[in-house]
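Let me begin by presenting the structure, written as structure tokens, before commenting on it.
The chains referred to below are lettered A, B, ... by the order of the sequence lines, with proteins before strands, and numbering in each begins at 1.
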Amino acid sequence: MVPTTTVSGITDQELARRENLRRVRELGVEPFPYRFEFTHRAAELRLLGEGKDSASLKSMGEFAIAGRVVAYRSSGKTAFLNLQDDHERIQVYLRRDDEVNDSGTTSGQGEANWPVIKILDLGDFIGVRGRLMRTKTGELTLQAVGVQGFEFLGKSLRPLPFPKVEEVKDEAGKVVERKTFQSSLFSDIEARYRQRYADLAVNPEVANIFRLRTTIVQEVRQYLVEHSFLEVETPTLQAVYGGASARPFVTHHNALDIPLYLRISNELYLKRLIAGGFDRVFEFVKDFRNEGIDRTHNPEFTQVEFYQAYADYNDMMVHFQAIWQRAAKAVLKLKARRSALARGLSMEGLQTEFAAIEAGQVPLVYQGRELSTFFGDWEKLPVKTALKRKGVDIDALSDQELQALIQTNHWELDGTYSRGRAMMLAFEKLVEPELWEPAFVMDHPAESTPLCKVHRNDPTLVERFEPAIAGMEVGNSYSELNDPIVQRRLLEAQVERGRGGEEETHPLDEDFLRAMEYGMPPMGGVGIGIDRMTMILTDQSSIRDVLLFPLQKPE
RNA sequence: GAUUCGGUAGCUCAGUCGGUAGAGCAGCGGCCUUUUAAGCCGUGGGUCGAGGGUUCAAAUCCCUCCCGAGUCACCA
């Protein structure tokens, strides 16, 4: 925790780097130049060089790459460096003296640059121009050629937390084995979140999670676009918040001198747009909810919501399942491609694997446990049916019997008793803990939400579903209420409850009611939590591992 | 909020029964023109999370607090 500090307040290692910076300048080299013209990235060079020997590599001409020095092995008058660009690595070879090249002339590469090369620090950025070669051990390497072969691109003044090498010793204390161990990746969890830049720079597999996250978002967007949904943008700052039950963050607009709220949902705005005649809309949004932080909650989180006119919640289930399966397949393919080389998989082998993924034959695994029905049709699980299976037949129980059930189990019902609340409590206690395979938990009690249509076959229920995967709620969907009179009654009742001291109800949104009064078509709506979706598809156990910058207490 | 575990060098960690604070990597000074765990020689670096207590003596035992992670609860 407490660093080795000097009088000036910086560590000895930082001091050494500042000294190296001074020396670079002294050698007439600008340590922070403007640009570098690279021709390829490390990954591209590796692809180009695959299966070629040194002779044919050298005949391919010159290449230039730029990146960060992540390993440095100097042996007197040569140096091998691992250069990292875009989280891919390639070895580069620098020499002090001239080397006679193919055409018999000298390359004159290192002499001028050598003093600078010698004082490179891990983390420095450099550019290298030269020819590809293979070392004795067969590693593809870019060898710098000529005085133009090396350029300094940016000095690092602070040591990056590169992983260490573990030593395995025998009884006599002799080192018998050393290995880089994954668990020693920059592992101070707090520091990893606070200094995500350092985490990303030294842990390429962390960076990969965020690449996968982007892929997931792109797949979802692509699906919606292909199904004629229009991407729109609605306000983050709202004078009246609503669309979910949550406490908002409050802010203030100076010029208007009014309070404003960061949205807890964009639902009411997207419905306004349906009223405005856009039949299918969607939006990726950050929602903000003033709540605690844990493994599955962050105060700001990303959702995609979409609304479709003339559709109901059954139609939305089809979309929901298709979107998740599509994104999951994309993730599995990327993972397969990434590990193909390490697994010695040929191009044909990879194609076969892709076909299997596309056919849903490669299982999705979360935290070591298979989601075996994921690529099939997901179970539809009405709350009442699930409870019946557990021996609780809600419709056959009187209020007294329901209350007795709660008491004998020592469950705690918050708020006042109602049949619907009791039903959801029993569901949480009896059914939820056992949910693992994807399931559309559906047909919730009517009082669970004011924005949903009453169930067409049961007036005590609404047409709502909340899909659960690996025990996590990953979305929410309704046959959306479009009767303005009923809507007003439900929202007003909620405002009344709010005055009664119940938290997390919304103020009355008159403008939303006005939009509904002009007329709204029937519609289905869905919200998908992108963070939890990314958790499940990338096999991460904490929401903070799929957020680049999770909320942290200030240092 | 309850509870468990943790905080020792830049990083990852060890530290026995309370007895001069350690290792690897990183750093610094050398040697080494195909290394990749580079190697060899030498070397600097510590408010042991903070404060208090017990003791001749505390990283170690006790108390309080701070910070973090996990689990549960709350929340969704």
Side-chain angles (χ1 to χ4, degrees), chain A residues 1-6 10-17 19-20 54 70-82 89-99 109-110 114 118-119 121-123 133-141 143 158-169 173 175 177-194 198 202 244-247 264-265 287 289-299 301 303 412 414 424 428 432 448-449 466 468 472-476 503-504 527 529 531-532 541-544 552-553 555:
Chain A
M1 264 299 163
V2 182
T4 315
T5 50
T6 62
I10 60 175
T11 66
D12 57 341
Q13 303 207 33
E14 290 168 322
L15 212 57
R17 282 160 186 255
E19 173 60 16
N20 282 341
S54 259
V70 294
Y72 183 94
R73 294 175 295 277
S74 158
S75 54
K77 301 185 180 69
T78 68
F80 285 91
L81 280 58
N82 291 349
R89 296 178 180 187
I90 191 165
Q91 177 165 274
V92 301
Y93 179 41
L94 304 165
R95 298 165 58 96
R96 172 177 173 168
D97 293 343
D98 300 350
E99 186 184 39
Q109 172 249 302
W114 192 249
K118 264 173 70 180
I119 55 171
D121 285 309
L122 292 185
M133 56 169 256
R134 254 178 220 291
T135 62
K136 280 197 301 204
T137 54
E139 178 158 352
L140 184 71
T141 302
Q143 177 176 358
R158 188 185 282 269
L160 280 162
F162 286 104
K164 68 161 263 186
V165 169
E166 181 184 50
E167 295 201 334
V168 181
K169 293 180 183 177
V175 177
E177 194 196 347
R178 288 187 192 178
K179 53 185 177 187
T180 308
F181 60 136
Q182 292 294 304
S183 59
S184 91
L185 304 169
F186 175 38
S187 68
D188 178 336
I189 293 176
E190 183 195 357
R192 281 189 44 220
Y193 296 144
R194 283 194 195 284
V202 304
S245 74
R247 283 147 71 188
I264 58 172
S265 164
D287 287 336
R289 299 187 182 174
N290 212 332
E291 292 159 1
I293 301 171
D294 66 24
R295 209 170 56 78
T296 57
H297 294 83
N298 193 65
F301 64 100
Q303 282 209 95
E412 270 183 55
D414 40 71
M424 285 320 291
E428 269 167 40
E432 242 177 28
S448 71
T449 168
E466 284 186 300
M472 259 185 267
E473 281 168 25
V474 294
N476 192 12
E503 281 185 350
E504 303 201 2
D531 310 292
R532 290 182 186 177
S541 63
S542 170
I543 197 169
R544 279 180 287 191
Q552 301 256 272
K553 259 194 200 176
E555 279 183 87

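In this structure, Asp294(A) reaches the bases: a heavy-atom distance under 4.0 Å links it to at least one base atom across the strands shown. Heavy atoms of Arg158(A) sit nowhere under 4.0 angstrom from any nucleic acid atom. Looking at heavy-atom distances under 4.0 Å, Thr296(A) makes no contact with the nucleic acid at all. Arg89(A) comes within 4.0 angstrom of no nucleic acid atom, judged by non-hydrogen atoms across all strands. Arg17(A) comes within contact range of no nucleotide atom at all, as no heavy-atom separation falls under 4.0 Å.
Nucleotides G6(B) and A76(B) have their C1' atoms positioned 30 Å apart, rounded to a whole Å. Distance check on atom P: G24(B) versus C63(B) gives 36 Å, rounded to whole Å. When the P atom is used for both U60(B) and U16(B), the distance is 11 Å, rounded to whole Å. Remark: the separation of the C1' atoms in A58(B) and C48(B) is 11 Å, to the nearest Å. Rounded to the nearest Å, the gap between the C1' atom of A14(B) and that of G7(B) is 15 Å. Across A57(B) and G68(B), the matching C1' atoms stand 32 Å from one another, rounded to whole Å. Spacing between C11(B) and A26(B) at atom C1', rounded to whole Å, works out to 7 Å. A gap of 33 Å separates the P atoms of U43(B) and G51(B), to the nearest Å.
Across all strands shown, U34(B) has no partner, as no Watson-Crick or G-U wobble contact with both distances under 3.5 Å is found. Remark: A9(B) base-pairs with no nucleotide; criterion is Watson-Crick or G-U wobble with both hydrogen-bond distances under 3.5 Å. Using the Watson-Crick or G-U wobble rule with both distances under 3.5 Å, C61(B) pairs with G53(B). Across all strands shown, the partner of U3(B) is G70(B), judged by Watson-Crick or G-U wobble contacts whose two distances both fall under 3.5 Å. The pairing partner recorded for G42(B) is C28(B), the criterion being a Watson-Crick or G-U wobble arrangement whose two distances lie under 3.5 angstrom.
Between Arg532(A) and His297(A) the shortest side-chain heavy-atom distance falls below 4.5 Å. Between Arg192(A) and Pro161(A), the closest side-chain pair of non-hydrogen atoms is not below 4.5 Å. Two residues are said to be in side-chain contact when any heavy atoms from C-beta on lie closer than 4.5 Å; Arg95(A) and Gln143(A) meet this criterion. Using a 4.5 Å heavy-atom threshold, the side chains of Leu122(A) and Pro159(A) count as separate. Side-chain contact check for Phe301(A) versus Arg289(A): some heavy-atom pair is nearer than 4.5 Å. Within the 4.5 Å cutoff, the side chain of Thr135(A) has no heavy atoms near those of the Tyr93(A) side chain.
Of the listed nucleotides (C32(B), U34(B), A26(B)), C32(B) has the atom at the smallest distance from the side chain of Lys77(A). Checking C32(B), U34(B), A76(B) against the side-chain heavy atoms of Ser245(A) singles out A76(B) as nearest. The Asp12(A) side chain lies nearest to G45(B) when the options are A76(B), G45(B), U34(B). The listed nucleotides are C32(B), C28(B), U35(B); the one nearest the side chain of Ser74(A) is C32(B). Distances from the side chain of Lys136(A) to the nucleotides U34(B), C11(B), G27(B) place U34(B) closest. The side chain of His297(A) sits closest to A76(B) out of C11(B), C28(B), A76(B). The listed nucleotides are U35(B), A76(B), A38(B); the one nearest the side chain of Glu291(A) is A76(B).
Phosphate proximity of A69(B) to Arg544(A): present, with a side-chain N or O under 4.0 Å from OP1 or OP2. OP1 or OP2 of C28(B) sits under 4.0 Å from a side-chain N or O of Asn20(A).
Taking CZ of Arg73(A) as the reference point, atom CD of Gln91(A) lies at 5.0 Å (rounded to 0.5 Å). Here the CG-CD distance, from Asn82(A) to Glu139(A), works out to 6.5 Å after rounding to the nearest 0.5 Å.
The OH-P distance, from Tyr93(A) to A38(B), rounds to 17 Å in whole Å. Rounded to whole Å, atom P of G39(B) lies 11 Å from atom CZ of Arg73(A). The nearest whole Å value for the distance from the CZ atom in Arg134(A) to the P atom in U35(B) is 16 Å. If you take CG of Leu81(A) and C1' of A38(B), they are 13 Å apart, rounded to a whole angstrom. Rounded to whole angstrom, the span from the CG atom of Asn82(A) across to the C1' atom of U34(B) amounts to 14 Å. As rounded to whole Å, 7 Å separates atom P of G27(B) from atom CG of Asp121(A). Atom CZ of Arg247(A) and atom C1' of C74(B) are 11 Å apart (whole Å). Here U35(B) presents its C1' atom at 15 Å from CD1 of Ile90(A), a figure rounded to the nearest Å.
Nearer the 5' end of RNA chain B, as judged by each residue's closest nucleotide, is the contact made by Gln91(A), out of Gln91(A) and Glu473(A). Summary of the strand contacts: Arg295(A) and Pro159(A) both lie near RNA chain B, and taking for each the nucleotide with the nearest heavy atom, the more 5' one is attributed to Pro159(A).
Between the side chain of Ser75(A) and the base of U35(B) there is no donor-acceptor pair of N/O atoms closer than 3.5 Å.
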